[in-house]
Protein chains: 2
Amino acid sequence: MTSTRPLRADAVRNRQLLLAAAADEFAERGLDASVADIARRAGVGKGTVFRHFATKNDLIAAIVLDRIDALNAVGEELLDAADPGTALLEFLTVAAHQRQQRDLSFLHESGELPPKVTRARERMSDNVHRLVDRARRHGAVRADVTGADIILLMCAPNYVASYVPDAAPDLWRRYLAIIFDGLRPEGAHPLPHPAPPTP
Amino acid sequence: MTSTRPLRADAVRNRQLLLAAAADEFAERGLDASVADIARRAGVGKGTVFRHFATKNDLIAAIVLDRIDALNAVGEELLDAADPGTALLEFLTVAAHQRQQRDLSFLHESGELPPKVTRARERMSDNVHRLVDRARRHGAVRADVTGADIILLMCAPNYVASYVPDAAPDLWRRYLAIIFDGLRPEGAHPLPHPAPPTP
DNA sequence: CAATAAACGGACCGGGCGGTCAACTTGTTA
DNA sequence: TAACAAGTTGACCGCCCGGTCCGTTTATTG
C-alpha cells in the first residue's frame, strides 16, 4: 500500500545505466567488482548507487532477477514446443548464453535473498522440471536425471569455458554439447549416486 | 647453490600444521579465507605464516603443488593400466575426489605462478593427454575430445555439486558419471565448437 | 649450561572495501 | 518562474585484509 510517486526522469536513466554497468563489470571481473568501479563505469557518483540499491547485494539481486525472469519467459515458451528434446537443449543454450563470461551463478545461494528472487527461482525450477519431464517421456533424456540435476549442470559449461584465458566467446557451446550428450539415453551408464533433493 | 641448514624441529611441525589448516580453511570457505583465520586454526601467530610462506599466494601455491604432484603420481601409474577407458575414469575420480569440497581449481590461472607449479602443471597436462589418447585409440572416448577438454572438465563435477547446500559428500560422483557418459563414443553428437589450444 | 641464531607472536601499517551523510543540484509541479 | 522535494555527489567512517617488524622465546650445539 505504499503509494509511490513516479521516479524522476534522470533517476530512471541512472538506474538503467547502473544496471548495465554493473552487469558488465560483474561479467568481466566477477562479483568482487567494487561498487566504486561500477559507479565510475556508469558515470555516476558512488552515493547514487546506494540510493537505488540499498546494498551491493540488492544490486546483484536486481540483475539476477532480470536474468531469471528472462529465462523464465523463454522456458515457458518452450514448454509447448514441438520437440521436447531440442526444447530442453534450447533452454540450456539460452541459459548458458545469457550467463556468458562470468559467474552470476549464485542463483543457488539459498541464504537471505529478496522474496522476489526466491519466487522467480522457484518458478524457474518448476519450468526446468517440466521441461525435463517432457524430454524424458519423449525419450530424449535418460531416465535417471532429474530437474535438480539440470539446474545444477546449467552453469557448468560457462564455468568450464571461463578457465581458458582469452577463450573464444562461444567455447561454452562445446561443453554444453558434451554435457548434453551425457544426458541422452544412448550409451548411458547407471549413476553411482542418487539425485539431490528437488526443493 | 644456497646451502640451507635443516629446519628447526618446531618449524617443520608448524609448517605441516599450517599446510593442513590452510587446506581445511580453503576447502570450507574458498580461497578468500583470511591468513589470520588460517593461523588461528593452526594454533600459530600470523607472523609465523609469513615466515614460512612469503605471500598468501605462495601458501596456496604450496598446497596446489602438493595436490598436482599427487595427481601426477596417480596419472603416471595409470598410464599403463590394463583398460585405458577405466584408467581415465579412475584418474578423473581421483582428481575430483582430492579437490573435494571447494575450488582450488585455480590450476588454470596462467598468471604469475612459481616455476615449480608451472612445471608440475605441464607434467599433468602431458599425462592427461596421454591418458586421453590411449582411451580414444581404445574406443573408450569419442574421437573429437582432446586432453585440453578433459583438463577443463576435470573440476566441473565438484563445482556443480558444491552448489547444493549440505550436499552429500559424494554427490560429485553423480556428475562425474554424467559428464563421463558425455565423453563416450556411443550416442555422441558432433560438437559445435573447436577444442581450445592445447598448451 | 651457556651462547647463539632461528623461529615465533602480535601490535602495527597502508590500502581498499561497503556503506553513510550533509551540502548541493535539478526535475517537477502549480 | 518560484519553491520544494527528489536526486546526486564525494568526502568520510569503520572494518578487515595482506604484509611488516621487532621484542621475546626456544631449539640447537659445543
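What you see is a predicted model, and the numbers here were worked out from it, not measured in a lab. In what follows, every heavy atom counts, from backbone to side chain, and hydrogens, waters and symmetry copies are set aside.
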Starting at CZ of B:Arg15 and ending at C1' of C:dC8, how long is that distance when rounded to a whole Å?
16 Å
To the nearest angstrom, the CZ-C1' distance between A:Arg29 and C:dC17 comes to 13 Å
Aromatic contact, B:Trp172 with B:His97 (centres under 6.0 Å):
yes
Answer yes when A:Asp181 and B:Arg184 have at least one side-chain N-carboxylate O distance shorter than 4.0 Å, and no when they do not.
no
Could you work out which one of C:dC8, C:dG27, D:dG19 sits closest to the side chain of B:Phe50?
D:dG19
If you check the B:Ser34 side chain, which of D:dA27, D:dC17, C:dG9 turns out closest?
D:dC17
On DNA chain C, check which nucleotide each of B:Pro6 and B:Gly47 is closest to and give me the residue with the more 5' one.
B:Pro6
What's the verdict on side chain to side chain donor-acceptor pair (under 3.5 Å) for B:Tyr175 and A:Asp149, showing C-alpha distance, side-chain angles and the deciding distance?
CA-CA 8 Å; B:Tyr175 300 108; A:Asp149 289 325; 2.5 Å; yes
NA contact type, A:Ala39, heavy-atom cut-off 4.0 Å: base, sugar-phosphate, or nothing?
nothing
In terms of ring plane angle, is the pair A:Tyr159 and B:Tyr159 parallel, tilted or perpendicular, where the classes change at 30° and 60°?
parallel
What is the distance, to the nearest angstrom, from the CG atom on A:Leu18 to the C1' atom on D:dG7?
13 Å
Is it true that B:Arg13 and B:Asp10 make a salt bridge, defined as a side-chain N closer than 4.0 Å to a carboxylate O?
no
Between the base of C:dA7 and the side chain of B:Arg8, is there any donor-acceptor pair under 3.5 Å?
no
OP1, OP2 of C:dA7 versus side-chain N and O of B:His52: anything below 4.0 Å?
no
Would one find a side-chain N or O of B:Thr55 under 4.0 angstrom from OP1 or OP2 of D:dG18?
no
Taking for each residue the nucleotide of DNA chain C bearing the nearest heavy atom, is the 5' side occupied by A:Ala54 or by B:Gly43?
B:Gly43
Would you mind reading off the distance between B:Asp37 atom CG and D:dC15 atom C1', rounded to a whole angstrom?
14 Å
So, A:Glu76 and A:Arg123, do they make that salt bridge, N to O below 4.0 Å?
yes
Using atom CZ of B:Arg51 as one end and atom P of C:dA5 as the other, report the distance to the nearest whole Å.
14 Å
Rounded to the nearest 0.5 Å, what separation is found between the CG atom of B:Asp170 and the CG atom of B:Leu176?
11.0 Å
Any idea which of C:dG18, D:dG7, C:dG9 is nearest the A:Lys56 side chain?
C:dG18
When the distance from CG of A:Leu7 to C1' of D:dG7 is rounded to whole Å, what number comes out?
10 Å
Separation of A:Ile38 atom CD1 from C:dG16 atom P, in whole Å?
17 Å
Is B:Asn14 close enough to C:dA7 that one of its side-chain N or O atoms is under 4.0 Å from OP1 or OP2 there?
no
Does a side-chain N or O of A:Arg5 approach OP1 or OP2 of D:dA6 to a distance below 4.0 Å, or not?
yes
Quick one: do B:Asp133 and B:Arg130 make a salt bridge, cutoff under 4.0 Å?
no
Please give the angle, rounded to 10 degrees, between the axes at the start and the end of the helix from C:dC1-D:dG30 to C:dA30-D:dT1, where five pairs define each axis.
10°
B:Lys46 vs C:dG10: side-chain N/O to OP1/OP2 distance below 4.0 Å
no
Ignoring backbone atoms, test whether B:Thr48 places a side-chain nitrogen or oxygen under 4.0 Å from the OP1 or OP2 oxygen of C:dA7.
no
Length of the CG-P vector between B:Asp10 and C:dC8, whole Å:
5 Å
